[in-house]
Amino acid sequence: MELWESGERHISWAARSMPVLTALGERFAAERPLDGLRVAACLHVTAETAVLMGALKAGGAEIALAASNPLSTQDDVAEALRGYGMAVHARAGVDRAAYYRHIHQALDVRPDLVLDDGCDLVNILHTERTDLLDGVSGGCEETTTGIIRLRQMAAERALRFPVVAVNDTRTKRMFDNRYGTGQSTFDGIMRATNTMLAGRTVVVAGFGYCGRGVAERAKGLGARVIVTEIDAVKALDATLQGYEVRPMEQAAVVGDLFVTVTGNRDVITAEHVAAMKDGAILANAGHFDVEIDVRALEELASEVHRGIRPNTDEYVLPDGRRLLLLAEGRVVNLTAGEGHPAAVMDMSFSAQALAVAWLARERAGMEPGVYDVPEEIDQEVARLKLAAAGIGIDVLTGDQEAYLHSWRSGS
């Protein structure tokens with residue numbers, strides 16, 4: 001009961017900063033766009049996710065939820081969601097075997113629709129639970145890495161149902177990926193290390209939307225920022241924004257804090273680790289615990305001191321240098337911190353909720369593949385967010401509309 005009450009308070013606090021999603025929940029309760037549909041979700045089990053689950057349940061969905069990262073699970077929130085009548089298969093800190101067992105348990109609901117964060121649930125559907133595929137008529141994916149995987153599946157004609165790329169909306173990329181990741185990454189790093197960033201060298205691996213947000217926040221905190229990239233256009237963009245761009249091989253020697261934000265594996269390898277200075281901090285804000293080669297770090301170390309601070313492990317190399325790994329190499333903002341602010345997730349999850357309702361309506365006529373969120377959904381989320389903040393914008397006049405849509409009038 002104590003855990004349930006804590007979860008209730010946690011969810012209520014998040015909902016205060018999520019007026020758009022709260023309003024959509026009320027709309028869904030009246031319209032019931034998901035009536036009779038079973039939804040299996042693999043998402044971070046946090047208070048913000050709970051508000052999304054509440055909106056979908058209000059719309060008529062039967063929900064089974066598993067955690068997309070066991071270290072981000074908030075046990076009190078999971079307990080509160082169970083109290084709302086949802087099947088929640090998640091507990092903080094479970095091992096890899098339990099993580100996948102929980103996904104299987106969520107799929108046991110035999111879903112009509114699926115929601116994923118990183119493509120693990122969809123991957124299991126297509127490899128181990130193929131018996132359920134005929135019943136799944138659509139899904140949503142909210143991460144860059146997950147969409148990369150899904151597009152590859154679609155290119156190989158392996159994807160068996162339509163999936164909406166929620167991550168690719170403008171509201172998601174700009175606000176969630178850039179501002180949310182930028183702020184929450186350093187929230188997690190500060191909680192784990194209480195380190196001073198002013199005057200230090202921060203190496204940001206990857207300059208996509210998430211990497212830009214991390215670099216901007218590091219610069220704002222007084223750090224010298226080095227960016228590593230594999231994309232020439234993004235590297236040029238970083239250069240023109242005033243950041244130093246180097247290969248990781250060179251950055252490894254001078255960095256004080258390393259933040260990987262790529263969605264790929266082996267971004268920091270044994271060779272990079274071997275070149276790092278004493279006291280270097282390694283954090284991942286991208287995908288799963290593969291961006292930093294944790295196994296190589298363990299093999300190189302002569303001693304490992306677990307938990308020298310919360311979510312901080314110290315690896316001592318044979319020559320005495322000490323490297324600090326945060327959150328076991330998992331996403332630091334959700335493991336050492338609480339993830340993105342609720343005000344940011346209000347937009348991302350509102351787009352998710354509207355995309356699910358749209359998919360439920362349109363899925364019968366959709367072929368397997370990866371679909372963009374309709375632009376009208378993105379615009380609606382932005383308008384609702386502005387209205388909730390009391391902000392007005394201009395509206396085109398009839399003459400302006402005609403000017404933009406005609407080629408005959410000239411300049």
Side-chain angles (χ1 to χ4, degrees), residues 7 9-26 28 39 41-59 63 65 67-69 71-74 76-78 80-81 90 115-118 140-147 164-188 209-210 213-214 217 261 285-286 331-357 373 377-378 380-389:
R9 292 192 298 270
H10 204 166
I11 295 167
S12 177
W13 177 263
R16 294 184 190 186
S17 296
M18 304 179 80
V20 177
L21 188 54
T22 300
L24 287 177
E26 294 170 356
F28 280 14
V39 176
C42 181
L43 304 170
H44 295 285
V45 182
T46 65
E48 293 77 20
T49 300
V51 181
L52 171 63
M53 294 296 100
L56 300 185
K57 182 175 172 57
I63 293 170
L65 174 64
S68 61
N69 185 331
L71 294 185
S72 66
T73 296
Q74 296 166 352
D76 60 342
V77 169
L81 286 174
L115 308 182
D116 212 351
D117 184 302
C140 290
E141 169 59 54
E142 64 172 31
T143 68
T144 303
T145 301
I147 290 169
V164 180
V166 176
N167 179 79
D168 287 356
T169 64
R170 285 194 290 162
T171 47
K172 171 71 164 64
R173 281 183 166 178
M174 183 177 294
F175 299 104
D176 183 316
N177 293 8
R178 185 174 180 180
Y179 297 109
T181 301
Q183 177 170 317
S184 63
T185 293
F186 285 103
D187 175 42
Y209 279 94
C210 292
V214 172
R217 299 289 84 77
V261 210
V331 282
V332 69
N333 53 345
L334 274 155
T335 302
E338 293 187 47
H340 296 354
V344 170
M345 297 311 299
D346 189 30
M347 287 178 284
S348 297
F349 282 160
S350 292
Q352 178 102 296
L354 288 171
V356 171
V373 175
I377 288 179
D378 211 10
E380 181 177 4
V381 170
R383 283 195 302 269
L384 290 170
K385 192 66 175 178
L386 286 171

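The structure presented is a predicted model; accordingly, all values stated were derived computationally and were not measured. Values reported hereafter were calculated over all heavy atoms of this structure, with side chains retained and with hydrogens, waters and symmetry mates removed. The first residue in the sequence is number 1, and the count goes up from there.
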*Between the side chain of E141 and the main-chain N/O of G118, is any donor-acceptor distance below 3.5 Å?*
yes
*Heavy-atom distance under 4.5 Å between the side chains of Q183 and V344, does that happen here?*
no
*Mind checking what makes salt bridge (Lys or Arg N to Asp or Glu O under 4.0 Å) contact with D168, not counting sequence neighbours?*
R151, R173
*Pick out which of V77, V51, L334 makes a side-chain contact (heavy atoms from CB on, under 4.5 Å) with T46.*
L334
*asked:* I need the minimum non-hydrogen distance between T22 and A15, along with the two atoms involved.
replied: OG1-O, 3.8 Å
*May I ask you to test the D187-N333 pair for a side-chain heavy-atom distance under 4.5 Å?*
no
*asked:* Any heavy-atom pair between the side chains of P19 and K385 that's under 4.5 Å?
replied: yes
*Sub-4.5 Å side-chain heavy-atom contact between H340 and H44*: no
*Can you name the nearest heavy-atom pair linking F28 to A357, along with the distance?*
CZ-CB, 3.9 Å
*Under a 4.5 Å cut-off applied to non-hydrogen side-chain atoms, are Y179 and R217 in contact?*
yes
*Measure the shortest side-chain to side-chain distance between T169 and V381 over non-hydrogen atoms and say whether it is less than 4.5 angstrom.*
no
_Would you compute the distance between atom CE of M345 and atom OG of S17 and round it to the nearest 0.5 angstrom?_
13.0 Å
*Could you state the interatomic distance from SG (C140) to CG (L115), rounded to the nearest 0.5 Å?*
5.5 Å
*side chain to side chain contact (heavy atoms under 4.5 Å, CB included) with E380: which residues, sequence neighbours excluded?*
R27, L354, R383, L384
*Provide the closest heavy-atom pair for T181 versus T185 in the form atom of the first, atom of the second, distance.*
O-OG1, 2.7 Å
*Can you sort out the partners of S348 under side chain to side chain donor-acceptor pair (under 3.5 Å), two or more places apart, ordered by chain and number?*
D176
*Identified side-chain hydrogen bond (donor to acceptor under 3.5 Å, both in side chains) counterpart of K172 within the set N177, D378, T144*: N177
*To the nearest 0.5 Å, what is the distance between CE (M53) and CG (L65)?*
6.0 Å
*Going from CD on E26 to CG on L21, what distance comes out if it is rounded to the nearest 0.5 angstrom?*
10.5 Å
*asked:* So, taking the atom named CG in L81 and the one named OG1 in T49, what distance separates them when rounded to the nearest 0.5 Å?
replied: 9.0 Å
*How close do G286 and V331 get, heavy atom to heavy atom, and via which atoms?*
O-CG1, 3.4 Å
_Exercise: do D117 and T143 side chains pair donor with acceptor under 3.5 Å_ = no
*Could you pull out the closest heavy-atom pair between A351 and I377, with the gap in Å?*
O-CG2, 4.2 Å
*Does the side chain of Q352 come within less than 4.5 Å of L52's, by heavy atoms?*
yes
*Determine the minimum heavy-atom distance between N69 and S72, stating which atoms define it.*
O-OG, 2.9 Å
*From R170 CZ over to Y209 OH, what is the distance, rounded to the nearest 0.5 angstrom?*
9.5 Å
